[in-house]
Amino acid sequence: MLIPTHHFRDIERKPVYLQPEKCVPPPYPGPAGTMWFIRDGCGIACAIVTWFLVLYAEFVVLFVMLIPSRDYVYSIINGILFNLLAFLALASHCRAMLTDPGAVPKGNATKEFIESLQLKPGQVVYKCPKCCSIKPDRAHHCSVCKRCIRKMDHHCPWVNNCVGENNQKYFVLFTMYIALISLHALVMVGLHFLRCFEEDWTKCSYFSPPTTVILLILLCFEGLLFLIFTSVMFGTQVHSICTDETGIEQLKKEERRWAKKTKWMNMKAVFGHPFSLGWASPFATPDQGKADPSQYVV
């Protein structure tokens, strides 16, 4: 049975505060503009494996299928397309991993700071006893990042970071581009097998036939696995964005306390205002813009 939503939070009312010595800012705060990076062994290992798998696919596509091919037009077109998608996938991965997902300032739930908010009688403030921070609405604590994250969807070890308010766009792009290069690789593997069956195996690759078959089968297995995984994740993320409900909120069945907007407005809130080619670029930082009142659903 799910526990009611308010049981997941420590409610701070006017008379009660956390112990002041336990709620002070970190002793050595990083300077402004410090790169965000989570020092988690599992997450770092998963991120390295992600890059290794993409580079392995790059190796097989180039040196087993495209470069040995005598169809230069086919090799050039597919080489450019695959490398472009792989570059965008790795760039999206870096942005998702190195972007602050929306961390709440740590250690600000002190008595003095709460009093400075000048709360009205009966007004409720939520605080996190784990990181001693005042928790905004729709924020949740991540045990790996050790911070409260605004609009936290989940913590993803493959990007070694939480997916939250500020980096959800990059995570969505990462899953999309990985799915696309997986599909592209599978198509090229199928075509290459057909070509090798029709011709002499010794002429369709620089490697020996057994080595070629093993490399192609491994790439096929990798491509199929990641195509399914990232396609499902991409669809889940798009659905979460359109409904404006994070994965944690869906799991906990939290009561909706925020304004309901149209699906298009929710997409703009993540990818930026207005719609442009920047939506597909991991280098374009989303511009939140101003919400159009007509986009709210009553």
Side-chain angles (χ1 to χ4, degrees), residues 3 5-12 18 22-26 29-30 32-44 46-47 92-110 113 124-175 233-234 236-259 266-267 269-272 282 285-286 288:
I3 304 175
T5 304
H6 65 272
H7 284 185
F8 286 94
R9 294 184 172 186
D10 295 318
I11 299 180
E12 169 67 85
L18 291 174
K22 293 184 179 180
C23 284
V24 295
T34 301
M35 182 180 67
W36 178 271
F37 183 76
I38 302 301
R39 294 174 177 83
D40 174 57
C42 177
I44 294 173
C46 289
S92 300
H93 182 271
C94 286
R95 291 300 302 271
M97 179 171 59
L98 303 178
T99 299
D100 181 347
V104 177
K106 194 173 184 179
N108 64 354
T110 60
F113 184 79
V124 176
V125 174
Y126 300 102
K127 67 182 180 183
C128 176
K130 297 178 181 178
C131 60
C132 291
S133 63
I134 293 180
K135 185 182 293 186
D137 194 24
R138 305 188 69 183
H140 295 273
H141 184 85
C142 174
S143 59
V144 179
C145 297
K146 295 180 175 58
R147 298 286 292 273
C148 285
I149 308 296
R150 293 191 301 273
K151 291 185 69 174
M152 175 182 169
D153 186 87
H154 68 287
H155 183 92
C156 178
W158 295 105
V159 297
N160 188 34
N161 201 2
C162 277
V163 177
E165 185 176 69
N166 295 341
N167 68 342
Q168 189 172 26
K169 170 192 173 179
Y170 310 124
F171 181 76
V172 172
L173 292 181
F174 168 66
T175 58
M233 185 60 70
F234 174 78
T236 302
Q237 286 295 301
V238 171
H239 177 266
S240 176
I241 293 172
C242 290
T243 58
D244 192 20
E245 193 174 19
T246 67
I248 291 181
E249 290 166 349
Q250 294 175 18
L251 182 64
K252 293 184 176 181
K253 300 185 182 300
E254 293 190 359
E255 179 184 356
R256 192 183 189 97
R257 300 180 300 277
W258 53 93
N266 291 330
M267 293 290 288
V270 173
F271 291 94
T285 302
Q288 302 302 326

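Here the closest non-hydrogen pair linking S133 and P105 is CB-O, 3.1 Å. Considering all non-hydrogen atoms of both residues, E249 and E245 come closest at OE1-CA, 3.5 Å. Smallest separation of non-hydrogen atoms from C242 and N266: O-ND2, 2.8 Å. Across all their heavy atoms, G43 and D40 have their closest contact at N-OD2, 2.8 Å. Between P136 and V104 the shortest heavy-atom distance is CD-CG2, 3.5 Å. In this structure, C145 and I38 approach most closely via the heavy-atom pair SG-CD1, 3.7 Å.
At a cut-off of 3.5 Å, with distance as the only test, a side-chain donor of N161 or W36 sits close to an acceptor on the other residue.
Remark: H154 NE2 to Q250 CD distance equals 12.0 Å, nearest 0.5 Å. Atom SG of C42 sits about 8.0 Å away from atom NE2 of H155, to the nearest 0.5 Å. To the nearest 0.5 Å, atom NE2 of residue H140 and atom SG of residue C128 are 11.5 Å apart. For the atom pair CZ (R150) and SG (C162), the distance works out to 12.5 Å, reported to the nearest 0.5 Å. Atom NE2 of H141 sits about 8.0 Å away from atom NZ of K146, to the nearest 0.5 Å. A distance of 12.5 Å separates CE in M35 from CG in D100, rounded to the nearest 0.5 Å.
Distance alone, capped at 3.5 Å, places no donor-acceptor pair between the R147 side chain and the C142 backbone. In this structure a side-chain-to-backbone donor-acceptor pair under 3.5 Å is present from H93 to W158. The main-chain N or O of Y170 is never found under 3.5 Å from a side-chain atom of R95 such that the two would form a donor-acceptor pair. Not a single donor-acceptor pair under 3.5 Å links the side chain of T99 to the backbone N or O of A96. Under a 3.5 Å cut-off, the side chain of N160 and the backbone N or O of M97 do not form any donor-acceptor pair.
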Residue pair Q168, I241: steps toward the side-chain contact (heavy atoms from CB on, under 4.5 Å) verdict:
CA-CA 9 Å; Q168 189 172 26; I241 293 172; 3.7 Å; yes
* Are F171 and D153 close enough, and set up right, to give a side-chain contact (heavy atoms from CB on, under 4.5 Å), and what steps lead you there? -> CA-CA 11 Å; F171 181 76; D153 186 87; over 6 Å; no
